[in-house]
Amino acid sequence: MASRFESLGELRGKRVLVRSDLNVPLDRHEDGHSTITDDGRVRASVPTIRELSEAGARVIVVSHLGRPKGEPEARYSLEPVARRLGELLGQHVAFASDTIGPSAQKTVDALQDGDVAVLENVRFDPGETSKDDDVRGAFADQLAQLADCFVSDGFGVVHRKQASVYDVALRLPHAMGQLVATEIEVLRKLTVDPERPFVVVLGGSKVSDKLGVIDHLLGKADRLLIGGGMVFTFLAAQGHEVGRSLLEDDQLDTVRGYLSRAEESGVRIVLPTDIVVDNEFPSGDREPQPRVVPAGEIPSDGLGLDIGPDSARAFASEITDARTVFWNGPMGVFETPAFADGTRAVAQALTEVDGLTVVGGGDSAAAVRKLGFDEGAFGHISTGGGASLELLEGKELPGIAVLER
Ligand code: ADP
Ligand code: MG
């Protein structure tokens with residue numbers, strides 16, 4: 001047995017609750033069935049589950065999927081994900097149609113040594129994400145009753161103080177899973193003395209979530225390349241018209257602060273000089289009509305949907321001569337091929353770096369796979385967007401801190 005779980009003692013016959021992150025993107029079809037569009041997080045969860053199963057544990061996997069509002073919603077059921085997990089493990093995976101109710105109890109009671117079960121979406125219970133410690137604690141008590149020990153392996157949620165991430169670890173003997181351990185090891189390399197030049201590329205659509213990391217990186221990175229939906233708050237902060245592009249008005253002053261601090265601290269913030277725009281956000285009903293405009297000349301009815309070709313080339317050359325690169329957030333709406341070129345150029349450049357490259361963020365990781373890159377061409381593809389950013393920000397993550405106590 002691997003030493004990782006030594007603190008849990010002999011595992012054979014023990015019921016081990018594993019918090020995985022099986023929150024994958026699903027396509028729902030009209031006949032009610034759904035298909036997983038990117039199973040990266042399920043695959044990343046397999047090694048720990050397999051290791052526990054091979055050690056003879058009775059493995060109970062708990063995860064969330066999407067953002068249900070604290071009650072069951074068929075479209076957020078983990079059942080199709082449990083099936084996929086079974087295919088990847090090459091063994092039957094039982095599924096409980098509730099999380100702590102009679103089905104969960106019955107499913108767990110029926111487990112034999114080495115068996116694996118998945119519980120229904122943990123966010124179907126409001127106790128999971130409650131801000132009230134007692135409410136969360138009461139739910140965690142119920143979860144803990146199903147098991148003898150706890151393994152934390154859902155890296156995508158370790159920055160959340162939630163029942164199945166945090167509170168349950170206070171109630172059961174616990175250990176870190178392989179995925180969480182690997183993620184932390186790699187991401188800490190970025191914060192402790194990274195090889196230089198250290199370039200950070202930020203994009204995507206969760207602008208305000210990601211601005212915090214800029215604050216921290218101003219003291220750490222050598223260059224900061226900004227793409228994706230984040231660009232427009234920067235362009236607007238510089239006084240440019242951004243049309244109907246994604247914009248966070250209330251962040252303009254913050255961004256102006258970053259721009260002037262960057263100058264003082266010698267960090268170069270690189271913004272795109274050209275933008276691919278269209279008049280509509282891409283949808284299935286309409287052929288995209290992309291056109292390239294200078295970044296300072298976005299028409300008032302235009303939406304910026306990708307960085308332009310000049311910017312893509314400039315970003316690529318900033319990246320390829322780095323020795324450490326962290327990339328979070330697609331450069332454009334890569335889901336539509338007409339707006340995927342910027343993201344492709346950045347991904348390609350990362351594969352050419354002589355040094356450590358880390359891709360963080362669910363959509364960024366999905367983009368890399370969707371665009372046909374070999375995952376092995378990157379140093380590390382993180383399964384956690386928010387969690388990886390918070391680690392980079394130097395914040396203490398509740399789901400890690402609770403394990404290290
Ligand atoms: P990650 O999951 O990698 O952290 P985010 O969730 O922040 O990334 O953002 C991913 C989303 O950002 C993608 O669905 C992509 O379509 C969207 N996006 C990228 N560029 C733009 C843009 N210019 N305008 C609107 N959305 C964008
Ligand atoms: Mg995302």
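Ligands are counted one by one from 1 in listed order, and the atoms in each one are counted from 1 as well.
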Can you check which of [options] brings a heavy atom nearest to [atom]?
| atom | options | value |
| --- | --- | --- |
| atom 18 (N) of ligand 1 | Ser364, Gly332, Ser382, Ala366 | Gly332 |
| atom 23 (N) of ligand 1 | Gly304, Gly204, Ala367, Gly386 | Gly304 |
| atom 26 (N) of ligand 1 | Ile275, Val333, Val207, Val277 | Val333 |

- [ ] Please could you name the atoms of ligand 1 that Gly229 approaches to less than 4.0 Å, counting only its heavy atoms?
- [x]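 The atoms of ligand 1 under 4.0 Å from a heavy atom of Gly229 are 20 (N), 21 (C), 22 (C), 23 (N).
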Task: Proximal ligand 1 atoms for Gly228, defined as those under 4.0 Å from one of its heavy atoms - done: 20 (N), 23 (N)
TODO: Work out whether the distance between some heavy atom of Gly361 and some atom of ligand 1 is less than 4.0 Å.
DONE: yes
Basic-acidic side-chain contact under 4.0 Å: [X], [Y]:
| X | Y | answer |
| --- | --- | --- |
| Glu375 | Arg369 | yes |
| Glu264 | Arg261 | no |
| Asp222 | Arg268 | no |

- [ ] Take Asn121 and Phe124 through the test side-chain contact (heavy atoms from CB on, under 4.5 Å) and record every step on the way to the result.
- [x] CA-CA 6 Å; Asn121 195 336; Phe124 284 177; 3.6 Å; yes
Task: Non-hydrogen side-chain atoms of Val276 and Leu305 separated by less than 4.5 Å - done: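 Not in contact.
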- [ ] Using only N, O or S atoms, tell me which atom of Asp363 is closest to the Mg ion (ligand 2).
- [x]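 Answer by atom name: OD2.
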Open item on the list: Heavy atoms only, cut-off 4.0 Å: how does Asn328 contact ligand 1, side chain, backbone, both, or neither?
Closed with: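 Within the 4.0 Å criterion, Asn328 contacts ligand 1 through side-chain atoms alone.
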Open item on the list: Just to be sure I read this right, does ligand 1 sit under 4.0 Å from the backbone of Phe339, its side chain, both, or neither, counting only heavy atoms?
Closed with: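 Under 4.0 Å from ligand 1, Phe339 contributes no heavy atoms.
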TODO: Please name all residues satisfying side chain to side chain contact (heavy atoms under 4.5 Å, CB included) with Arg58, sequence neighbours left out, ordered by chain then number.
DONE: Arg15, Leu111, Asp113
